[in-house]
Amino acid sequence: MEGWTKLAVMALSQLGVIPFGPVHRSSPAPLVDGVVTVVITGVLAMLAVIAAVGLLCAALWAGLEPQMGPVWTPALVALALIVLCLVLLVVMRLLVGRREPPAPPAVHPALDLDPEVLLTEAQRLVVKHKVPALLAAVVAGLIVGSPGSRADRK
């Protein structure tokens, strides 16, 4: 599990979510700063909409009470809120139902090749680039044989 943790920490540090290594800045990471800004503005917008709907209901109540009386005014305001909720529900269903189906995964052209063709191409590349291939083999061997390798953790 340690390898997955390291991989996650490295990925998050590359995204700028968490600092990796010595920290040189006092402000939050850019991604975190953007998410916090979006959440705060979203909450403030939601509170403004709730206040606007409340004030609209109060204005409707005050305007209808002299004509309808104290019994029918709350019923009409509640009916107006129910109609608003139903309209929002229909809009939400239209937006959610309009999602496009996911595109079929693109088949990579290299996956359709015969294994012999791939082996021949790999041999050609090794012959053409001998020194980098040998260096890559040495580095891979050092990584696999290092004390922190997977076989030693078990």
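No hydrogens, no waters, no symmetry mates; every other heavy atom, side chains included, goes into these values. Counting begins at 1 with the first residue of the sequence.
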Evaluation steps, side chain to side chain contact (heavy atoms under 4.5 Å, CB included), between L60 and T73: CA-CA 9 Å; L60 182 64; T73 302; over 6 Å; no
Do L84 and V91 sit in one hydrophobic cluster, given that two such residues count as connected whenever their side-chain heavy atoms are within less than 4.5 Å of each other, even indirectly?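 L84 and V91: separate clusters.
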Listed partners of [X] passing side chain to side chain contact (heavy atoms under 4.5 Å, CB included), at least two apart:
| X | result |
| --- | --- |
| L56 | none |
| I82 | L86 |
| M92 | L89, V96 |
| W72 | M68, A75 |

Consider side-chain contact (heavy atoms from CB on, under 4.5 Å). Of L44, V43, T37, which one does I40 pass it with?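 When side-chain contact (heavy atoms from CB on, under 4.5 Å) is applied between I40 and each of L44, V43, T37, only L44 qualifies.
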Got a sec, which residues hit salt bridge (Lys or Arg N to Asp or Glu O under 4.0 Å) with R93, two or more places apart in sequence or on another chain?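 R93: no salt bridge (Lys or Arg N to Asp or Glu O under 4.0 Å) contacts found.
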Which ILVMFWY residues can you reach from M46 by hopping between side chains whose heavy atoms are under 4.5 Å apart?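 Noted: M46 shares its cluster with I50.
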With rounding to the nearest 0.5 angstrom, report the NZ to CD distance, K128 to Q123.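 The CD atom of Q123 is 15.5 Å from NZ of K128, to the nearest 0.5 Å.
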Roughly how far, to the nearest 0.5 Å, is CD of E65 from CG of L76?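 Result: 11.5 Å between the selected atoms.
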Main-chain N/O of V38 paired to T41 side chain as donor or acceptor, under 3.5 Å: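 Checking the backbone N and O of V38 against the side chain of T41, a donor-acceptor pair under 3.5 Å is found.
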